[in-house]
Amino acid sequence: MIRFLTSGESHGKALLCIVEGIPANLEISSHYINKELSRRQRGYGRGGRMKIESDRVEFLSGIRFGKTLGSPISMVIWNKDWENWSDKMSYEGEPSEKVVPFTRPRPGHADLAGGIKYNQRDLRNILERASARETAARVAVGALCKRFLEEFGIRIGSYVLSIGQLKPEIKEKDLLKRHELAEASEVRFPDPSKDEEFKKLIDEARERGESLGGIFEVFALGVPPGLGSHIQWDKRLDGRIAQAMMSIQAIKGVEIGMGFESAMKFGSEVHDEIGWSKERGYFRYSNNLGGVEGGISNGMPIVVRCAMKPIPTLTKPLRSVDIQTREEVKAGKERSDVVAVPAASIVGEAMLAIVIASALLEKLGGDFMEELKERFKIYMEHVKNF
Ligand code: EPS
């Protein structure tokens, strides 16, 4: 299975990741990963930082002549903004007078809880790592996994469903077409004709010193039945997906398929009836359960929805307490985004790709691509003949 770690502070020199478990002989290029990184940087409502960065990956290990070696893959994304932070984020020496400690924790951010936990009186020591800048590294890992999944015909996509209260109806029903439409939208909404409405809402929030959250949907197409398992809590695919999605900064809710709505319906309105045809084999007449039953993929598209809370940094800040004086103050202000839901949907794609790639590797075993593909063919034959 895939294991990975990321490291790096938001205004440190770089973000790093080490990924283990990608089989040998997978073709990969930095160009492929960079396309994903730049998709994550887009989206109306982002702050000044995205004008500074143009994220690019540099391979450090595990790849030779455009193919994976089966050994750990290390990647680095350099922070351009480091130039402006080298004094304040210096790795050695003593803090200069330029270093003003961040002591007014923002409600909704990791500032206070992290400060208490790690005994840090300059809350920058917490916020730098809590920052969603870290998700650039996850997107790089996710891109490797997407490339791997492509070899098995598995496709991952996403789109935004709502920002704040704005939730226009989506006419397009096809998931892949929704994703394609979202690629052409400034807010990743699957109907670019609605962009102006979203932009107006975001501009208004910015003017009022506010921030916004929203909901996005991520899907995986072509996932074979049989990934994950019912036999143990930590093998359940839906549980693993929910954990991965919930681990994305600012995500407060995850639903699979109909999710919470299914709790309000009768069984006959929820469960996806089973059919069989020569061309398709087993199929479902609906996909209310979002492609997972009993913790196992059932061959239907996997559909996951995530709710993102509004960004905690407000230019019109909420009440807080200064941790030096314990006096009531307004929370600290940092440069920030007004909304990052479009970017989060790309991170959602990456996390879903990582979970599905892991589950597929567990199903197939194997160390090199040719072996895995052979095993996949045999398994798909089994699925067809079942
Ligand atoms: C973030 C604050 C902002 C965002 C950042 C996440 O960064 P800065 O403090 O440098 O203005 O732009 O997101 C990214 C840098 C990114 O790459 O997504 C935060 O506090 O979470």
Side-chain angles (χ1 to χ4, degrees), residues 6-17 33-57 75-89 99-100 102 104-115 122-143 158 187-188 202 205-206 209-214 216 247-252 308-315 317-318 320 331-351:
T6 72
S7 69
E9 278 70 42
S10 177
H11 304 100
K13 272 191 188 172
L15 297 162
L16 280 140
C17 55
I33 294 175
N34 291 340
K35 271 202 308 201
E36 293 296 307
L37 293 179
S38 75
R39 287 177 72 227
R40 194 201 67 96
Q41 287 203 271
R42 285 182 223 141
Y44 194 79
R46 304 216 67 189
R49 179 72 184 272
M50 287 304 100
K51 294 192 180 77
I52 299 172
E53 304 295 344
S54 47
D55 293 337
R56 296 276 176 277
V57 82
M75 299 181 279
V76 61
I77 300 162
W78 298 103
N79 285 326
K80 286 200 176 150
D81 209 13
W82 163 249
E83 274 178 30
N84 309 314
W85 287 80
S86 53
D87 292 339
K88 285 174 271 178
M89 290 296 291
V99 180
V100 182
F102 190 88
R104 292 174 294 151
R106 291 159 293 173
H109 214 283
D111 302 344
L112 182 58
D122 180 354
L123 301 177
R124 175 157 302 288
N125 294 340
I126 303 302
L127 71 87
E128 283 288 332
R129 180 65 186 158
S131 164
R133 175 80 187 133
E134 183 263 348
T135 61
R138 297 201 209 190
V139 168
V141 180
S158 73
V187 289
R188 291 196 63 72
I202 295 164
R206 184 187 287 111
E210 278 287 3
S211 62
L212 286 162
F216 61 86
S247 79
I248 301 170
Q249 288 80 341
I251 300 302
K252 296 302 269 184
M308 186 180 196
K309 71 184 178 188
I311 304 258
T313 308
L314 305 178
T315 52
L318 295 172
S320 182
K333 282 188 232 173
E334 283 272 294
R335 179 185 60 189
S336 186
D337 309 317
V338 177
V339 65
V341 183
S345 72
I346 307 297
V347 184
E349 288 183 23
M351 293 312 290

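Read the numbers this way: they start at 1 and go in the same order the structure lists the ligands and their atoms. Keep in mind that what you see is a predicted model, and the values were worked out from it rather than measured.
Side-chain contact annotation: Thr6 with Arg129, donor-acceptor N/O pair under 3.5 Å present. For the residue pair Arg104/Ser320, the side-chain donor-acceptor check at 3.5 Å is not satisfied. If you check the side chains of Glu349 and Ser158, you find a donor sitting under 3.5 Å from an acceptor.
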Would Glu334 and Arg106 count as a salt bridge (Lys or Arg N to Asp or Glu O under 4.0 Å) if you check the C-alpha gap in whole Å, the side-chain angles of each, and the deciding distance to 0.1 Å?
-> CA-CA 10 Å; Glu334 283 272 294; Arg106 291 159 293 173; 5.2 Å; no

Verdict with supporting geometry, Asp81 and Asn84, side-chain hydrogen bond (donor to acceptor under 3.5 Å, both in side chains) | CA-CA 6 Å; Asp81 209 13; Asn84 309 314; 2.7 Å; yes

Could you walk me through whether Met89 and Arg124 pass side-chain contact (heavy atoms from CB on, under 4.5 Å), step by step?
-> CA-CA 9 Å; Met89 290 296 291; Arg124 175 157 302 288; 4.0 Å; yes

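Contact of the Asn79 side chain with the Arg49 side chain is registered, since non-hydrogen atoms from C-beta on lie closer than 4.5 Å.
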Solution key, residues 135-142 side-chain donor-acceptor pairs under 3.5 Å, sequence neighbours excluded:
unit_1	atom_1	unit_2	atom_2	d
Thr135	OG1	Arg40	NH1	2.8
Thr135	OG1	Ala132	O	2.6
Arg138	NE	Glu134	OE1	3.0
Arg138	NE	Glu134	OE2	3.4
Arg138	NH1	Ser247	OG	3.0
Arg138	NH2	Glu134	OE1	3.4
Arg138	NH2	Ser247	O	2.8
Arg138	NH2	Gln249	OE1	3.4

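Where the criterion is an N or O separation shorter than 3.5 Å, residue side chain and backbone included, Ser10 fails it with respect to ligand 1. For Arg46, a nitrogen or oxygen atom sits less than 3.5 Å from a nitrogen or oxygen atom of ligand 1, counting backbone and side chain alike.
Between the Asn34 side chain and the Val57 main chain, a donor and an acceptor come within less than 3.5 Å of each other. Listed for the Ser131 side chain is no donor-acceptor partner under 3.5 Å among the backbone atoms of Glu128.
For Gln249, the heavy-atom gap to ligand 1 stays at 4.0 angstrom or more. Heavy-atom separations between Glu53 and ligand 1 are all 4.0 Å or longer. Taking 4.0 Å as the cut-off, His109 counts as a neighbour of ligand 1 on heavy-atom distance. The shortest heavy-atom distance from Ala136 to ligand 1 is not under 4.0 Å.
Atom numbering of ligand 1 starts at 1 in the shown order; those under 4.0 Å from a heavy atom of His11 are 8 (P), 9 (O), 10 (O).
Shortest contact from atom 15 (C) of ligand 1 to any protein heavy atom: Arg133 CD, 3.2 Å. Protein heavy atom at the shortest distance from atom 17 (O) of ligand 1 is Arg40 NH2, 2.6 Å. Protein heavy atom in closest approach to atom 6 (C) of ligand 1: Ser131 OG, 3.4 Å. Of the protein's heavy atoms, Arg335 O, 4.0 Å lies nearest to atom 2 (C) of ligand 1. The protein heavy-atom contact nearest to atom 12 (O) of ligand 1 is Asp337 OD1, 3.2 Å. Nearest protein heavy-atom contact of atom 21 (O) of ligand 1 is Ala132 N, 3.0 Å.
If you look at Thr313 next to ligand 1, there are no close heavy atoms at all, none under 4.0 Å.
Nearest-heavy-atom check against atom 14 (C) of ligand 1 across Met50, Glu128, Arg129 picks out Met50.
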